Novice: 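Pasting a structure below so you can have a look.
Chain A is the first sequence line, chain B the second, and so forth, proteins listed ahead of strands; every chain is numbered from 1. Note that the coordinates shown come from a computational prediction; the quantities given were computed from them, not determined experimentally.
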Protein chains: 2
Amino acid sequence: MEHDPALPDLSQEADQLKTVLNKEGFRFTSQRQKILDLFQAAALGHHLSAEEIHQQLLDQGEKISFSTIYRALHVMVRLSLLQELELAEGRKYYELNTPFMDQHHHLVCVHCGAVKEFEDATMAQVGSSESAARGFSLLNCQFTVYGICPSCQPLLG
Amino acid sequence: MEHDPALPDLSQEADQLKTVLNKEGFRFTSQRQKILDLFQAAALGHHLSAEEIHQQLLDQGEKISFSTIYRALHVMVRLSLLQELELAEGRKYYELNTPFMDQHHHLVCVHCGAVKEFEDATMAQVGSSESAARGFSLLNCQFTVYGICPSCQPLLG
DNA sequence: GGGATTATTGAAAATCATTTTCGCTATTCA
DNA sequence: TGAATAGCGAAAATGATTTTCAATAATCCC
Ligand SMILES: [Mn+2]
Ligand SMILES: [Mn+2]
Ligand SMILES: [Zn+2]
Ligand SMILES: [Zn+2]
């Protein structure tokens, strides 16, 4: 079957995931592909939790266990396909990883949990220089700003 | 009993905690004072978890339940006496709160958990301007840099 | 000071996200 | 294609944190 060059090359994406996995001794599975697909289909600025991944796959008729989801997330973080975020209470969130200099940061409403993203090159600079100054090898930076969003402000003091 | 002006005025510190608590309808208790004392006695740059608070109080002969510790931490965060930190895996850490413009940030070794603090006024500026730009009322910022510390680097690739 | 009111405590049980166990299945590779 | 074994699902386990509830103690008023 030919591939229409006007459409996204999904079969090649699959090949790419397989390549990345196999390079480190992991196996390609349909579950891992489906999870990665969710991230690639997600709206910009939308962060996914294990719970939401499970629900989205259920919604599209895929049955998958939480253990598989958690294992896949860990593998993809280790392969730098995903980034783990400590946005707010209780659970972890994940998003597609981006090159270090392109990383964005987060503004979180502590009342309703709304998240806004913003970019600022200062963060990467400060992170680089601070880690260099102390001999750390830098992995990534997270700048999280907590506040009350405009919709929640009237509801409080 | 007179107070020796050459010694730290611990009774006044207690009064201060009582005042802050009562102002918001909370009661002063010896447990809350002992927990706050641990933070005031802790080395600069040392962050305490509920587990460590429990252990330190045990070590000094004080019996206290985890429920009390968690409740005290929540109250003191609400009163801005403490700040909650999402430094690394699994558990939360706490430290004495500082005025917004004096806040420091953290460099964390993902291998051994070592934490280094650093100050950088840029963070507060970026946090303020980003939250203002989106109409958020700013509560606080956390800039966390993850990496591998110098002692752990030889142990890995 | 003493007593009523009710926030706080401790112990135990409950939650809840995440991890582990284990028998079975599917991927990799020769 | 077949052996070796990584990965899967289901269920049990974990571990930090939260809740429940009866007993205790801080605050307030007299
Ligand atoms: Mn994001
Ligand atoms: Mn600190
Ligand atoms: Zn909000
Ligand atoms: Zn280290």
Novice: Looking at DNA chain C, which of residues 63-72 of chain B put a heavy atom within less than 4.0 Å of it?
Specialist: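 Hits under 4.0 Å, by residue number: B:Lys63, B:Ile64, B:Ser65, B:Ser67, B:Thr68, B:Arg71.
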
Novice: Is any side-chain heavy atom of A:Leu85 less than 4.5 Å from a side-chain heavy atom of A:Glu95?
Specialist: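 Side-chain contact under 4.5 Å: yes.
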
Novice: If you check every side-chain atom of A:Gln31, which of D:dT18, D:dC8, C:dG10 has the closest atom?
Specialist: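 Out of D:dT18, D:dC8, C:dG10, the nucleotide with an atom closest to A:Gln31's side chain is D:dC8.
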
Novice: More 5' along DNA chain C: A:Gly90 or A:Ser30, using each one's nearest nucleotide?
Specialist: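 Whichever sits nearer the 5' end wins; that is A:Gly90.
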
Novice: D:dA26 phosphate, OP1 or OP2: any side-chain N/O from B:Asn22 under 4.0 angstrom?
Specialist: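 No.
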
Novice: How about A:His54 and A:Phe66: are their ring centroids closer than 6.0 Å?
Specialist: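 Centroid distance A:His54-A:Phe66: below 6.0 Å, so yes.
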
Novice: Tell me the interatomic distance from B:Glu62, atom CD, to C:dT9, atom P, rounded to whole angstroms.
Specialist: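 Value for this atom pair: 14 Å.
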
Novice: Starting from the C-alpha separation in whole Å, work towards a yes-or-no answer on side chain to side chain donor-acceptor pair (under 3.5 Å) for B:His46 and B:Glu52.
Specialist: CA-CA 11 Å; B:His46 192 147; B:Glu52 187 166 357; 2.9 Å; yes

Novice: Looking at B:Cys152 and B:Ile148, what are the two nearest heavy atoms and their distance?
Specialist: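 Distance-wise, the nearest heavy atoms are CB-CG2, 3.6 Å.
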
Novice: Whole angstroms only, please: what is the NE2-C1' distance between B:His54 and C:dG10?
Specialist: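 Value for this atom pair: 10 Å.
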
Novice: Starting at the 5' end of DNA chain D and moving along, which residue's nearest nucleotide shows up first, B:Ser49 or B:Phe26?
Specialist: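 Closest to the 5' end, via its nearest nucleotide, is B:Ser49.
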
Novice: Please check if any side-chain donor atom of B:His106 sits under 3.5 Å from a side-chain acceptor atom of A:Glu130, or the reverse.
Specialist: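 B:His106 vs A:Glu130: no donor-acceptor pair found between side chains.
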
Novice: Expressed as a whole number of angstroms, how long is the span from B:Glu84:CD to D:dT17:C1'?
Specialist: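 After rounding, the gap between these two atoms is 11 Å.
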
Novice: Tell me whether the side-chain N/O atoms of A:Thr29 come closer than 4.0 Å to OP1 or OP2 in D:dC8.
Specialist: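 For D:dC8, OP1/OP2 do have a side-chain N/O of A:Thr29 under 4.0 Å.
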
Novice: In whole angstroms, how far is the P atom of C:dT19 from the CD atom of A:Glu51?
Specialist: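 Roughly 15 Å, once rounded to whole Å.
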
Novice: Axis-to-axis angle across the helix from C:dG1-D:dC30 to C:dA30-D:dT1, five pairs an end, to 10 degrees?
Specialist: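 One end's axis against the other's: 50°.
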
Novice: In whole Å, I'd like the distance from the CG atom of A:Leu57 to the P atom of D:dC8.
Specialist: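 Going from CG in A:Leu57 over to P in D:dC8 covers 12 Å.
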
Novice: Where do B:Glu84 and B:Gln142 come nearest, in terms of heavy atoms and distance?
Specialist: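 Answer, listing the atom of B:Glu84 first, then B:Gln142: O-NE2, 3.0 Å.
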
Novice: Hey, do the aromatic rings of B:His47 and B:Tyr94 have their centres closer than 6.0 Å?
Specialist: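 No - the distance between ring centres of B:His47 and B:Tyr94 does not fall below the 6.0 Å cut-off.
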
Novice: On a heavy-atom basis, which atom in A:Arg32 and which in A:Ala72 lie closest, and how many Å separate them?
Specialist: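 Looking at all heavy atoms of both residues, the shortest contact is CG-CB, 4.0 Å.
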
Novice: D:dT17 phosphate, OP1 or OP2: any side-chain N/O from B:His74 under 4.0 angstrom?
Specialist: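 False: B:His74 side-chain N/O out of range (4.0 Å or more) of D:dT17 OP1/OP2.
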
Novice: Between A:Tyr146 and B:Phe136, is any pair of side-chain heavy atoms under 4.5 Å apart?
Specialist: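 Answer no - side chains too far apart.
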
Novice: Which comes earlier along DNA chain D counting from the 5' end, the contact point of A:Gly25 or that of B:Ala50, where each point is its nearest nucleotide?
Specialist: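 Nearest-nucleotide comparison on DNA chain D picks A:Gly25.
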
Novice: Is there side-chain contact between A:Glu86 and A:Thr144, with heavy atoms separated by less than 4.5 Å?
Specialist: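 Sidechains of A:Thr144 and A:Glu86: no contact.
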
Novice: Measure from CG on B:Leu17 to P on D:dA26 and round the result to the nearest Å.
Specialist: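 From B:Leu17 CG to D:dA26 P: 13 Å.
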
Novice: Which whole-number value in Å describes the distance from B:Ile53 CD1 to D:dT17 P?
Specialist: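 Atom-to-atom, B:Ile53 to D:dT17, this comes out as 10 Å.
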
Novice: Got a donor-acceptor pair under 3.5 Å from the side chain of B:Arg27 to the base of C:dT6?
Specialist: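 Such a pair is found, so the answer is yes.
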
Novice: Whole angstrom is fine here: how far is it from CZ in B:Arg32 over to P in C:dG10?
Specialist: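 For the pair B:Arg32 CZ and C:dG10 P, the rounded distance is 11 Å.
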
Novice: Below 4.0 angstrom from OP1 or OP2 of D:dT27, is there any side-chain N or O of B:Lys18?
Specialist: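 B:Lys18 to D:dT27 OP1/OP2: side-chain N or O found under 4.0 Å.
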
